[in-house]
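Quick caveat: nothing in here was measured; it's all calculated off a predicted structure.
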Amino acid sequence: MFFTIEDDSMALIGKNENETLRIEPWGQDALRVRATLYPRFTGNDWALSWVKPGTGDVSARILPEKAVVCNGKIRAEVTNFGKICFYLRGELPEGAGEEESANPPQQRAETWEPILSEYYRTFGGDNPHTPSMKLVAREFVPIHAGDYRLNMRFESRDDEKIFGMGQYQQEYLDLKGCVLELAQRNTQISIPFALSSLGYGFLWNNAGVGRASFGKNFTEWHSESTEELDYLVIAGDTPKDIMRNYTELVGRAPVIPENVLGLWQSKLRYRTQDELLEVAREYHRRGIPLDVIVVDFFHWVRQGDWAFDPEYWPDPQAMAEELHGMGTRLMVSIWPTVDRQSVHFEEMRERGLLIRTERGSRQNFDFLGDTVIYDATNPEARKYIWEKCKESYYDSGVDMFWLDEAEPEFAAYTFDHFRYYEGPDVKVGNAYPMFHAKAFYDGQIAAGQKDVVNLLRSAWVGSQKYAAVVWSGDIYGNFAALRDQLAAGLNIGLAGIPWWTTDTGGFFADVTDPGYRELLVRWFEFSAFSPILRLHGDRGPHDIPPLAENTMVGGGFCSTGRPNELWSYGEDVYEILKKYVDIRLAMKDYLLSVMEEAHENGSPVIRTMFYEFPEDPVCWNLTEQYMLGPSCLVAPVLYEGQRKKQVYFPKGEWESIHDHTIFCGPQMAVVEAPLDIIPVFRLAGSAADKGQS
């Protein structure tokens, strides 16, 4: 491989036949790697919000047997054969002092620890393994008359744990050994950032559909269609350092407004203006603060009208004013689907604002209509949908938007069938929810709104900077699903999304199930110690007659679920749920401080135990407890009938918020967990311990 160095950026450029390899310092303690078989790179930065020059020891050097590029704590070596290995700077040996520090970074080999190495099983270079397989790390597979499928392979290490990657419906917190589809689906959120226990983060800067395999034999990243390889390796002394460096490149959540940290009330579905207002009034009569109430789907006439059906919602402005008078914000559901009979369909079709299909019918989605989805990757389409929603909703006093089906949801997830403004779905589609969030955030900011918070069912790298609360989609209401949500919430936080929530009690649920009330209580307890406390779900059985018969138009024909308010499940359940609303409100100052940290350095709101205690090896293996911020330990009850909970306490003194029992760590202990108790403990001397929770 022939190397050159770009003086102004310290980028290392390697050439080998048609391949161009570029490795350069990018931000704090990070290196960006790109490779292409085309004559030039695309120049598309995708997830990267802005570029901060490399800091610290930034250097590049060409040596006889290899080339080296360094940025602070991370170094990459490229052999003349083309193999890349990454190293993490460790502590200098005691007594090394000025003499060691004065040497160029590439000469301090003894202070660098290997963390990541490309996987080669072919002839050439210093490959110690069998060469006969003829496998290379960077494999571009031509697509006939198109771009390339890409396989990027790395050596696997048995001593490594992998976290992050977004939200997958499984109970595995450590993703080592998992194969993850890189694609957006209802309940599945692909955010291709992995945090390693070896001291680095890895960002697959590619918005295409693909796969990540964290195998025991090797790690492989696969893209179905791309023009170039693009990834970043980001170093840090602790997981918190890695998250700070990562989110500095892709963006962080804004400062959250205080008036969304209480209860959000929602159900499937409030059908009329009077029905919704009566629920809000009842909360007000009971003296329970209600921060947000939600108008769900089919409050419109047809999908894509993006306006209230005047028959059932005659005066939205008066409704919003009354809610505001009670201290409640109004959120409305927005679907990206456009029915062919919608008032906007023909204009959007003519202007090219809709997703196209590659073959056959143009239909994208077939739920309660014949619909096509608007193309959020198109700037003109983003402007169009915001202008319509501003006129119909925002100007009438709507505060927040629920961007449902934001994956987007297709009738079938045949990703090679759809094409966007930015390109084929298989090449760019995973970024759709990020562009969709941007459409509304940019519009609200331009309209002068200072406290933007919207709810989305999907996300991609950097969605957090567009004030996105992400929820885990249409999940089942059972204890297995609750356990999955804990792993999902912790991992999506480590992928950069701090504002996250669930349908408390699950979306699909039958309230006549004798065990459902126990599940709802345990789930609500967990939600009270989550970033957002939100009640929502489709409560069956569906035996409530529609408001209108023999019609498929307007808000009257669509079904609704059973009541889903705090008082809907009996007095015993009501008292427990209300108790946790009160606890939540009492800890608002602490929650605000945790949210401020998310804004300042990208830390998750709910975080794995190792995030706060990386030096404790036990914390790297804990999967059923977590930290809410830096000093509040939460051990949710995740099994039916469970009334005791085993809890690990790291170093320090931990006080129960319920009975003030003290546990001194490190130790494992069994604590009581009756139905009305979720074990929660404050770290002595912390912010949580000083009257803030």
What do you reckon, are the aromatic ring centroids of [X] and [Y] less than 6.0 Å apart?
X	Y	answer
Phe202	Phe154	yes
Phe663	Phe649	yes
Tyr574	Tyr569	no
Phe610	Trp620	yes
Trp499	His599	no

[Y] backbone acceptor or donor facing [X] side chain under 3.5 Å:
X	Y	answer
Tyr413	Gln184	no
Tyr246	Asp241	no
Lys645	Pro636	yes
Asn491	Met165	no
Ser656	His658	yes
Thr328	Leu290	yes
Glu409	Ala406	no
Asp399	Leu330	yes
Gln642	Lys644	yes
Asp29	Asn245	no

[Y] versus [X], side-chain donor and acceptor atoms under 3.5 Å:
X	Y	result
Ser472	Thr502	no
Asn206	Trp46	no
Tyr611	Ser603	yes
Glu407	Tyr432	no
Tyr648	Glu624	no
Ser196	Glu160	yes
Arg185	Tyr168	no
Thr247	Arg252	yes
Asn259	Asp291	no
Gln444	Asn454	yes
Gln485	Gln169	yes
Ser213	Trp221	no
Gln188	Gln167	no

Passes salt bridge (charged side-chain N to carboxylate O under 4.0 Å, His left out), Lys176 versus Asp174? Steps please. CA-CA 6 Å; Lys176 188 65 176 290; Asp174 177 7; over 6 Å; no
Can the positive tip of Arg534 be found less than 6.0 Å from the middle of the six-membered ring of Trp264, inside 45° of the ring normal?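 Checked: cation-pi criterion not met.
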Measure from NZ or CZ of Arg457 to the centre of the six-membered ring of Trp500 and say whether it is under 6.0 Å with the direction within 45° of the ring axis.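 Ring-cation test returns no.
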Please determine whether a side-chain nitrogen of the Lys or Arg among [X] and [Y] lies less than 4.0 Å from a carboxylate oxygen of the Asp or Glu.
X	Y	value
Glu113	Lys73	no
Lys651	Asp616	no
Asp582	Lys579	no
Arg522	Glu525	yes
Glu518	Arg643	yes

Compare every heavy atom of [Y] with every heavy atom of [X], then report the nearest pair and how far apart it is.
X	Y	answer
Ser190	Trp460	O-CD1, 3.2 Å
Leu173	Phe163	O-CD2, 3.3 Å
Arg329	Pro257	NH1-CG, 3.8 Å
Val680	Cys632	CG1-SG, 3.6 Å
Ile678	Tyr580	N-OH, 3.2 Å
Leu519	Gly505	CD2-O, 4.1 Å

Apply side chain to side chain contact (heavy atoms under 4.5 Å, CB included) to residues Ser156 and Asn217 and explain how you reach the verdict. CA-CA 6 Å; Ser156 179; Asn217 53 339; over 6 Å; no
Taking the side chain as C-beta and beyond, is there a heavy-atom pair between [X] and [Y] under 4.5 Å?
X	Y	result
Leu203	Val461	yes
Asn601	Lys240	yes
Tyr200	Ile234	no
Asp676	Val521	no
Leu263	Tyr283	yes
Val209	Leu182	no
His536	Asp296	yes
Ile475	Phe508	no

Using the side-chain hydrogen bond (donor to acceptor under 3.5 Å, both in side chains) definition, which of the options Lys267, Gln265, Arg539 pairs with Asn564?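 Only one of Lys267, Gln265, Arg539 forms a side-chain hydrogen bond (donor to acceptor under 3.5 Å, both in side chains) with Asn564, namely Arg539.
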Rounded at 0.5 Å granularity, tell me how far [atom1] in [X] sits from [atom2] in [Y].
X	Y	atom1	atom2	answer
Ile334	His436	CD1	NE2	8.0 Å
Asp237	Leu88	CG	CG	7.0 Å
Leu520	Leu566	CG	CG	9.0 Å
Leu622	Leu490	CG	CG	11.0 Å
Phe613	Thr608	CZ	OG1	11.0 Å
Ser527	Leu535	OG	CG	8.0 Å

Does the salt bridge (charged side-chain N to carboxylate O under 4.0 Å, His left out) test come out yes or no for Arg211 and Glu220, once each step is laid out? CA-CA 8 Å; Arg211 182 179 62 254; Glu220 182 179 67; 3.6 Å; yes
